[in-house]
Amino acid sequence: MSFVTKVAGAAILVALSACASIERAAIPTAQVTDSGWLAFTPGSSEIVDHSAWDAFLSTYRVEGLDGIARLRYAAVTDADLAALERYIGALEQVDVAALDRPEQLAYWINLYNAKTVALVLRDYPVNTIRRVDGGLLATGPWNRDVVEVDGRSLSLNDIEHTIVRPIWQDARVHYAFNCAALGCPNLIAEAYTGETIDEVLDENARAYVNDPRGFHFEGDRLTASRIYIWFVEDFGGTEAGVLEHAARYAEPDLAERLLEAGRINSYEYDWGLNDAS
């Protein structure tokens, strides 16, 4: 390897590191800001009704030959949008503290995903969720209060970063939250439930890690999703931790290559809307 090549390679690594630092700085810290959300009822038999979300997904979600789940936003009727809004309204009335932990986790993920879809539909047509509430700055809808639960106004970022991430401390939740982007883990075909959520989170992790959106090689160069930059703290805190996490869910051949690679050469993420129309 020539001196010039070595210098160029080092410069790329420095640039990637700087980019990663900037992107991580923009992600809210995973920290509980309201201790009331820590309350739960161990052994509770309370179950939240997500049948309306199931019905919406069964009508408008499609999965392409590329394995990416999309929504037929343009086809959503006024009646079905109203039903979706009623479902979200019903979730806002749930006594979250009366639920056991698995049911709570399913509740928060379904609320986040359903509200995200409703926000996109309100501003549709858009080509990326970053145009929703974003205007020319393309900041997206994540920081604005969009739901009210137990008398508290919450943003999508509140749900993800001040409730779910710090309370559950489970990296697999990143395979469940869907931000309506093509680069995001799939919006699955049915609502999450407390009964099956652990199994489904594992399935989601395997699906994304083994999909090119998660990790792919071009020759010896490894590209990973920017999710693993944004939330590196949740995936082991280092690039090596990310690769070890991914190897647990990767198919054997990919797992071996990930561990042998030892580093990630580049990161990417497609913010295009997951639109099937």
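Between L71 and D275 the shortest side-chain heavy-atom distance does not fall below 4.5 Å. Counting only heavy atoms from C-beta outward, the side chains of K115 and L156 approach each other to under 4.5 Å. Here the side chains of F231 and E160 are in contact, with some heavy-atom distance below 4.5 Å. Contact check for R213 versus D270: no side-chain heavy atoms found under the 4.5 Å cut-off. Looking at heavy atoms from C-beta onward, C184 lies in side-chain contact with N178 at the 4.5 angstrom threshold. Looking at I167 and R101, their side chains come closer than 4.5 Å, going by heavy atoms from C-beta outward. Counting heavy atoms from C-beta on, the side chains of V126 and Y73 never come closer than 4.5 Å. With contacts defined as side-chain heavy-atom distances shorter than 4.5 Å, the pair T223/P212 does not qualify.
Under the 4.5 Å side-chain heavy-atom criterion for grouping Ile, Leu, Val, Met, Phe, Trp and Tyr, F177 is connected to I229 within one hydrophobic cluster. With hydrophobic clusters built from ILVMFWY side chains whose heavy atoms lie under 4.5 angstrom apart, L182 does not share a cluster with Y228. Transitive grouping of hydrophobic side chains (ILVMFWY, heavy atoms separated by less than 4.5 Å) keeps I47 and L91 in distinct clusters. Under a hydrophobic clustering in which Ile, Leu, Val, Met, Phe, Trp and Tyr are joined whenever their side-chain heavy atoms come within less than 4.5 Å, directly or via other members, W271 and V120 fall into the same cluster. Tracing side-chain contacts under 4.5 Å through hydrophobic residues (I, L, V, M, F, W, Y), one reaches V32 starting from I27; they form part of the same cluster.
In terms of modelled atom types and a separation under 3.5 Å, the side chain of Q104 and the main chain of V96 share a donor-acceptor contact. When atom types are taken as modelled, the side chain of N113 and the backbone of A176 share a donor-acceptor pair closer than 3.5 angstrom. Put simply, the side chain of T196 never gets that close to the backbone of E199: no donor and acceptor are under 3.5 Å apart. For T238 (side chain) and G241 (main-chain N/O), a donor-acceptor pair under 3.5 Å exists by modelled atom type. At distances below 3.5 Å, not a single donor-acceptor pair connects side-chain atoms of Q93 with backbone N or O atoms of A90.
In this structure, R172 pairs ionically with D202, as a charged nitrogen and a carboxylate oxygen lie closer than 4.0 Å. Between D234 and R165 there is a salt bridge, with a side-chain nitrogen of the basic residue lying less than 4.0 Å from a carboxylate oxygen of the acidic one. Salt-bridge check for E63 with R61: passed, with a basic side-chain N closer than 4.0 Å to an acidic carboxylate O. Here R206 does not pair with D211 in a salt bridge; the nearest charged N to carboxylate O distance is not below 4.0 Å.
Side-chain contact, Y87 with D49: no donor N or O sits under 3.5 Å from an acceptor N or O. Remark: the D158 side chain and the S155 side chain contain an N/O donor-acceptor pair separated by less than 3.5 Å.
The OG1 atom of T33 lies 7.5 Å from the CD1 atom of I163; values are rounded to the nearest 0.5 Å. A distance of 11.5 Å separates CD1 of I197 from CD of E203, quoted to the nearest 0.5 Å. Here the CD-CD distance, from Q169 to E233, works out to 13.0 Å after rounding to the nearest 0.5 Å. Here CG of L187 is found 13.0 Å from CD1 of I68. Values are rounded to the nearest 0.5 Å. Distance CZ/R144 to OG/S153: 11.0 Å, rounded to 0.5 Å. With rounding to the nearest 0.5 Å, the separation of CZ in F40 from CG in L105 is 12.5 Å.
Closest of all the heavy-atom pairs between L81 and V76 is N-CG1, 4.0 Å. Among all heavy-atom pairs drawn from P28 and H161, the shortest one is CG-CD2, 3.5 Å. Counting all heavy atoms, side chain and backbone alike, R72 lies closest to T59 at NH2-O, 2.7 Å. Here the closest heavy-atom approach between residue L57 and residue A191 is recorded as CD1-N, 4.1 Å. The minimum heavy-atom distance linking N210 with E251 is given by the pair OD1-N, 2.7 Å. Residues A180 and T116 approach most closely at CB-CG2, 4.2 Å, considering heavy atoms.
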Candidate pair Y192 and Y107, rule ring-ring contact (aromatic ring centres under 6.0 Å, His included), full reasoning: CA-CA 8 Å; Y192 291 88; Y107 164 87; over 10 Å; no

Candidate pair N186 and Y175, rule side chain to side chain donor-acceptor pair (under 3.5 Å), full reasoning: CA-CA 8 Å; N186 277 351; Y175 303 117; over 6 Å; no

Chi angles and distances behind the side-chain contact (heavy atoms from CB on, under 4.5 Å) call for N274, I129: CA-CA 9 Å; N274 61 340; I129 190 174; over 6 Å; no

Test log, rule side-chain contact (heavy atoms from CB on, under 4.5 Å), inputs E268 and H216: CA-CA 11 Å; E268 63 184 19; H216 66 270; 2.9 Å; yes

Steps toward side-chain contact (heavy atoms from CB on, under 4.5 Å) verdict (V164, Y112): CA-CA 11 Å; V164 173; Y112 182 104; over 6 Å; no

Steps toward side-chain contact (heavy atoms from CB on, under 4.5 Å) verdict (V147, I159): CA-CA 10 Å; V147 294; I159 293 173; 4.2 Å; yes

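Between Y208 and Y249, the gap from one ring centroid to the other reaches at least 6.0 Å.
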Just list the side-chain donor-acceptor pairs under 3.5 Å for residues 252-262, sequence neighbours left out, or say none.
unit_1 : atom_1 : unit_2 : atom_2 : d
R257   : NH2    : G219   : O      : 2.8

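Heavy atoms of other residues, nucleotides or ligands lying less than 6.0 angstrom from CG of D78 number 12 at most. More than 12 heavy atoms of other residues, nucleotides or ligands lie within 6.0 Å of CD in E92, so this atom counts as buried by the packing criterion.
Using cut-offs of 30° and 60° for the angle between ring planes, the F235 and H245 rings count as perpendicular. A tilted orientation is assigned to the rings of F56 and Y60, their planes being inclined by 30° to 60°.
Of the options V94, L154, I88, V146, a side-chain contact (heavy atoms from CB on, under 4.5 Å) to L111 is made by I88 and by none of the others. When each of F215, Y267, Y269 is paired with S225, the side-chain contact (heavy atoms from CB on, under 4.5 Å) condition holds for Y269 and for no other.
Residue pairs meeting the side-chain hydrogen bond (donor to acceptor under 3.5 Å, both in side chains) criterion with at least one member in residues 34-47, sequence neighbours excluded: D34-R152.
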